[in-house]
Amino acid sequence: MPAAGAPRSAAAVLDAIHGAGLLGDAVVGPGPVLLMCSAGRDSHTLLDAAVRLRGAEGVRVLHVDHGLRAGAADDAAQMQARCAELGVAVTVRRADARLPTGNLHAWARAERARLAAAEREAAGVTTIATAHTRSDLAETALARFATQPGRRALLAMRAREDGLVRPLLGITREETATYCRERGIAYRDDPSNADPRFQRARIRHAVLPVLRALNPAAEEAITRTLADLAAESEALDVLVAAELQEDPDGGGQTVDLARLGALPAAVARLVLRALCESAIGGPCPRAASRLDEVLALGAAAARAGLAAVDVGGGARIEVRGGLVRCVPSRGPAAPSSA
């Protein structure tokens with residue numbers, strides 16, 4: 001057995017990817033899986049493992065050239081050569097030439113998602129696989145923990161969601177390097193991954209080494225915690241959904257005001273947010289913070305028949321007849337003190 005935090009052999013990595021089951025027909029379906037591949041070690045590990053597990057005919061590759069550096073064309077050529085060697089169909093797409101003025105990495109992610117969706121439709125595949133590793137998951141969690149409060153931000157990178165799978169989430173970056181070395185696979189490193197101007201690079205080269213000094217299996221500890229949080233979040237979602245009832249007047253959902261006030265505050269806030277998001281069909285993160293205001297509407301509603309408050313995100317919460325509803329905002333809310 002390898003020591004805690006020590007990389008596993010290529011054979012053990014392949015077994016782990018196979019054991020995750022995310023490249024099997026039960027998940028992917030009978031057609032090919034579309035792999036999003038750069039020319040790095042993680043992508044080459046994903047490609048090699050997918051071919052071994054599914055066969056060359058069960059795999060397609062999309063390589064996105066972002067046009068951000070001189071070596072990008074060489075990355076594309078290397079990936080095309082490797083796919084030809086394996087007998088795998090490969091497409092190279094160029095990202096939108098209009099570079100962003102804001103977050104460069106966010107733009108690159110959006111371009112990859114756009115091009116992947118187009119290629120999926122053109123190729124007639126149902127499942128896209130990315131080469132995100134446990135190391136990526138830990139880095140993302142640390143970045144979001146520092147910059148985006150809330151469990152939703154921490155849980156944004158899942159193994160399987162909406163036609164997307166991440167078969168390498170149980171594999172570390174060191175293990176993909178070992179895999180490529182043992183298999184004799186050449187790969188190319190993106191120099192931006194070591195550029196301290198980028199948040200992820202700072203976390204990778206300055207933060208994680210400190211955590212590994214405290215615990216060689218720090219990445220595993222982080223990802224296990226995230227897995228527990230994901231399971232607990234699913235349980236919370238079931239509890240929250242049970243509190244929402246069909247509106248007797250039709251057209252949506254409601255929650256009983258007295259019941260909302262009797263719930264633990266943390267659960268009540270989640271119920272309020274779920275009510276609003278169900279009504280407007282999109283995120284409404286501010287609703288949860290307005291719980292006290294909503295509960296206070298009860299007295300005004302008892303006097304005037306209706307009281308309301310706008311909670312942001314285009315959502316308005318109304319209290320009428322002892323029930324809490326959410327409707328789209330249209331003009332100023334009815335005064336809560338009417």
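For reference, positions follow the sequence shown, starting with 1.
Annotation: side chain of Val271 is in contact with side chain of Leu260 (closest heavy-atom distance under 4.5 Å). When side chains are defined from C-beta on, Leu208 counts as touching Leu211, because their heavy atoms get closer than 4.5 Å. Side-chain contact between Arg152 and Arg273: present, with at least one pair of heavy atoms (C-beta onward) separated by less than 4.5 Å. Leu155 places a side-chain heavy atom less than 4.5 Å from the side chain of Ser233. Side-chain atoms of Ser38 and Asp190, non-hydrogen and from C-beta on, never get closer than 4.5 Å to each other. Side-chain atoms of Leu244 and Thr254, non-hydrogen and from C-beta on, never get closer than 4.5 Å to each other. Two residues are said to be in side-chain contact when any heavy atoms from C-beta on lie closer than 4.5 Å; Cys276 and Ile317 meet this criterion. Looking at Val33 and Val125, their side chains never come closer than 4.5 Å, going by heavy atoms from C-beta outward.
In this structure, CD1 on Ile203 lies 13.5 Å from CZ on Phe198, to the nearest 0.5 angstrom. Between the CD atom in Glu182 and the CG atom in Leu14 there is a gap of 11.5 Å [rounded to 0.5 Å]. With rounding to the nearest 0.5 angstrom, the CG atom of Leu47 is 13.5 Å from the CE atom of Met36. If you take CG on Leu86 and NE2 on His44, they are separated by 9.5 Å, rounding to the nearest 0.5 Å. Summarising the geometry, atom CZ belonging to Arg151 is positioned 15.0 Å from atom CZ belonging to Phe145; distances are rounded to the nearest 0.5 Å. Rounded to the nearest 0.5 angstrom, Thr176 OG1 and Arg181 CZ are separated by 10.5 Å.
Smallest separation of non-hydrogen atoms from Asp65 and Ala72: OD1-CB, 3.2 Å. When all heavy atoms are compared, the tightest approach of Gln148 to Ala153 is O-CB, 3.4 Å. When all heavy atoms are compared, the tightest approach of Ala265 to Leu291 is O-CD2, 3.8 Å. When all heavy atoms of Ile171 and Ala16 are compared, the closest pair comes out as CD1-CB, 3.7 Å. Contact between Leu168 and Ala131 at its shortest, heavy atoms only, is CD1-O, 3.9 Å. Nearest heavy-atom pair, Gly40 versus Tyr187, reported as atom, atom and distance to 0.1 Å: C-CB, 3.8 Å.
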Exercise for review: Run the numbers on Leu323 and Gln245 for side chain to side chain contact (heavy atoms under 4.5 Å, CB included), then give the verdict.
Suggested key: CA-CA 10 Å; Leu323 295 178; Gln245 306 298 322; over 6 Å; no
Practice item. Tell me, with the steps shown, if Glu161 and Arg158 meet salt bridge (charged side-chain N to carboxylate O under 4.0 Å, His left out). Key: CA-CA 7 Å; Glu161 53 183 336; Arg158 301 200 183 207; 5.3 Å; no
Review point. Would Val311 and Cys284 satisfy side chain to side chain contact (heavy atoms under 4.5 Å, CB included), going step by step from the backbone distance to the final call?
Key: CA-CA 8 Å; Val311 296; Cys284 191; 4.1 Å; yes
Exercise for review: Start with the C-alpha distance between Glu318 and Leu297, add both sets of side-chain angles, then the distance that settles side chain to side chain contact (heavy atoms under 4.5 Å, CB included), and finish with yes or no.
Suggested key: CA-CA 8 Å; Glu318 297 181 346; Leu297 293 178; over 6 Å; no
Check your understanding: Does the side chain to side chain contact (heavy atoms under 4.5 Å, CB included) test come out yes or no for Gln199 and Thr147, once each step is laid out?
Key -> CA-CA 11 Å; Gln199 178 189 77; Thr147 61; 3.9 Å; yes
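A donor and an acceptor atom, one from each side chain of Thr140 and Arg200, are located under 3.5 Å apart. A donor atom on one side chain and an acceptor atom on the other are not found under 3.5 Å apart for Gln78 and His63. Side chains of Glu119 and Thr91: a donor-acceptor N/O pair is present below 3.5 angstrom, by distance only.
With respect to the salt-bridge test (charged N to carboxylate O, under 4.0 angstrom), the residues Glu85 and Arg82 qualify. Ion pairing between a basic and an acidic side chain is recognised when a charged N comes within 4.0 Å of a carboxylate O; Arg52 and Asp48 show such pairing.
In this structure, Arg183 forms a cation-pi arrangement with Tyr179, its terminal cationic atom sitting closer than 6.0 Å to the ring centre and no more than 45° off the ring axis.
Around atom CZ of Arg286, no more than 12 heavy atoms belonging to other residues, nucleotides or ligands sit under 6.0 Å away. Surrounding CZ of Arg93 are at most 12 heavy atoms belonging to other residues, nucleotides or ligands under 6.0 Å away.
No side-chain donor-acceptor contact under 3.5 Å links Arg60 to the backbone of Val88. Side-chain N or O atoms of Glu175 include one that pairs as donor or acceptor with a backbone N or O of Arg8 at under 3.5 Å. Asp310 contributes no side-chain N or O that, together with a main-chain N or O of Gly312, makes up a donor-acceptor pair within less than 3.5 Å. Distance alone, capped at 3.5 Å, is enough to place a donor-acceptor pair between the Arg120 side chain and the Gly163 backbone. No donor-acceptor distance shorter than 3.5 angstrom exists from the side chain of Glu139 to the backbone of Asp136, with no hydrogens or angles considered. Side-chain N or O atoms of Arg316 include none that pairs as donor or acceptor with a backbone N or O of Val309 at under 3.5 Å. Distance alone, capped at 3.5 Å, places no donor-acceptor pair between the Arg320 side chain and the Gly305 backbone.
No chain of hydrophobic side-chain contacts below 4.5 Å, direct or via other Ile, Leu, Val, Met, Phe, Trp or Tyr residues, connects Ile128 to Leu22. Put simply, Val165 and Leu34 are part of two different groups of oily side chains (I, L, V, M, F, W, Y) that touch within less than 4.5 Å, one to the next. Linking Ile, Leu, Val, Met, Phe, Trp and Tyr whenever their side-chain heavy atoms come within less than 4.5 Å puts Val255 and Leu236 in one cluster. A continuous path of ILVMFWY side-chain contacts below 4.5 Å connects Leu46 to Leu53, so both sit in one hydrophobic cluster. Val51 and Ile17 fall within the same hydrophobic cluster, defined by Ile, Leu, Val, Met, Phe, Trp and Tyr side-chain heavy atoms under 4.5 Å apart, directly or through other members.
Counting only residues at least two apart or on different chains, the salt bridge (Lys or Arg N to Asp or Glu O under 4.0 Å) pairs with a member in residues 252-272 are Glu243-Arg259.
Results of the salt bridge (Lys or Arg N to Asp or Glu O under 4.0 Å) test with Glu219 over Arg204, Arg134, Arg212, Arg173 single out Arg212 as the only residue that passes.
Residues passing the side-chain hydrogen bond (donor to acceptor under 3.5 Å, both in side chains) test with Asp25 are Arg54, sequence neighbours excluded.
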